[in-house]
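In what follows, every chain begins at residue 1, and chains take the letters A, B, ... in the order their sequences are listed. Bear in mind that the values here come from a model prediction, so they are computed numbers and not experimental data.
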Amino acid sequence: MLELTFDNEFNLKKTFECGQNFRFNSTDNGKTYYGTLNDRVIKLEQINKKRLKINSNIQKNLEIRVKRFLRFDDDYALMLKEIQIDELMKKIVIFSQGLRLIKQDMFECSISYLLSQCSNIPRIKHHLNQLSTTYGKRVQYNNKIFFLFPSRDDLTKVTLETFINFKFGYRAKYIYNFIQNYPDFLELPLTNSEIYNQNLQCIEGIGQKVADCIQLFSCGDLNNFPVDVWINKFMIKYYNNGKKASAKKMNQVGQKLFRKWAGYAQEFIYYYARETKINL
DNA sequence: ACACAGGCCGAAT
DNA sequence: ATTCGGCCTGTG
């Protein structure tokens, strides 16, 4: 058992319902979340605004793993201050405050976002569950059954046809090729943000948006600003005078506005836009 | 039936 | 350098 007190607010529900991660679920309306973290199951409980309780079936290195996963060392207060660039962002910060970025496993994150294109959250979750329940290790914890996310080794023998049968659609070959030709650089430390992004985009099925998501959610490269259709509409309306523009353009605008905190700003905006159902 | 969903790719401007 | 249709499948 482990308890962590953060420097500032950490809201479990906002963090796991904002769409950055697909495999943590709550059974009690957001107070408790269960999910898997590489080799183990973890249980996260909200004690108060800044404090979480963490349990796991494996105690070894739990604190260091969880702190990394939850980005314990982020200067959250500074981030909140620096993304409030105008009245609108002040409003959004009030709404989304407590949402935290998390640092996800590279392989799992890449597969997740390769599957995400032109899909929706329930379907992405279903696809990830098919992979986990079929090829991941089964773990019982607190009288519940969990499946770890399969490693690359677990999936190298899986055929393309299997992924097609899982109804991955045209994404099946992206997944298959990604597993067969898993690039070495993904496991190396990120040195140059732009170069890393370009390398990601050389992988079949990874374009700008998916590359940005992987780099943000898995590498923890916080100056990335993924632009999906929602963010694109938001940016056009509020930061481009309503003039239509490409996702690429809005990505640049977002990075310029929010700099090293662009990733947090993006998730704050995304959460706000989706939850308040504002007209975009 | 038909459009669209948390994009990407390749071809044609 | 930017725009456009097609792509698997599920949902309304």
**Request:** Starting at atom CD1 of A:Ile269, determine the distance to atom P of B:dG6, rounded to an integer number of angstrom.
**Result:** 18 Å

**Prompt:** With under 30° as parallel and over 60° as perpendicular, where do the rings of A:Tyr264 and A:Tyr76 fit, or are they tilted in between?
**Reply:** perpendicular

**Request:** Tell me what A:Lys167 touches on the nucleic acid: a base, only sugar-phosphate, or nothing, going by heavy atoms under 4.0 Å.
**Result:** sugar-phosphate

**5'-most by nearest nucleotide on DNA chain B - A:Gln201 or A:Asp228** = A:Asp228

**Fill in**
Quick note, A:Val210 side chain, CB onward, closest among B:dG6, B:dG7, C:dT2 is B:dG7

**Message:** Between A:Glu63 and A:Lys67, does any NZ, NE, NH1 or NH2 come within less than 4.0 Å of an OD or OE carboxylate oxygen?
**Reply:** yes

**Request:** Tell me which nucleotide among B:dG7, C:dT2, B:dG6 gets nearest to the side chain of A:Gln117.
**Result:** B:dG7

**Asked** Given atom CG of A:Leu128 and atom P of B:dG6, what is their separation to the nearest angstrom?
**Response** 15 Å

**Asked** Which is true for A:Ile121 with a 4.0 Å heavy-atom rule: it touches a base, it touches only sugar-phosphate, or it touches nothing?
**Response** base

**Watson-Crick or G-U wobble mate for C:dG12, both contacts under 3.5 Å** = B:dC2

**Request:** Just compare C:dT3, B:dG6, B:dC9 and give me whichever is closest to any side-chain atom of A:Ser246.
**Result:** C:dT3

**Prompt:** Within the structure shown, what part of the strands sits under 4.0 Å from A:Gly205 by heavy-atom distance: base, sugar-phosphate, or nothing?
**Reply:** sugar-phosphate

**Request:** Please report the C-alpha distance between A:Glu9 and A:Lys50 in whole Å, then the side-chain angles of each, then the deciding distance to 0.1 Å, and finally whether the salt bridge (charged side-chain N to carboxylate O under 4.0 Å, His left out) criterion is met.
**Result:** CA-CA 5 Å; A:Glu9 196 173 337; A:Lys50 294 185 179 180; over 6 Å; no

**Prompt:** What orientation do A:Phe10 and A:Phe6 show, parallel under 30°, tilted 30 to 60°, or perpendicular over 60°?
**Reply:** tilted

**Carboxylate-amine/guanidinium proximity below 4.0 Å for A:Arg71 and A:Asp74** = yes

**Request:** From the options B:dC8, C:dT2, B:dA5, select the nucleotide whose nearest atom is closest to the side chain of A:Arg123.
**Result:** B:dA5

**Asked** For A:Tyr174 and A:Cys213, take the nucleotide of DNA chain B holding the closest heavy atom to each; which residue's nucleotide lies nearer the 5' end?
**Response** A:Cys213

**Request:** Rounded off to whole Å, could you give me the CD1-to-P distance for the A:Ile214 and B:dC8 pair?
**Result:** 10 Å

**Prompt:** Considering only the P atoms, how many Å lie between C:dT2 and B:dG6, rounded to the nearest integer?
**Reply:** 26 Å

**Request:** Determine the contact category for A:Leu114: base if any of its heavy atoms lies under 4.0 Å from a base atom, sugar-phosphate if only primed atoms, P, OP1 or OP2 are that close, otherwise nothing.
**Result:** nothing

**Message:** Between the base of C:dG6 and the side chain of A:Tyr170, is one N or O donor paired with an acceptor at under 3.5 angstrom?
**Reply:** no

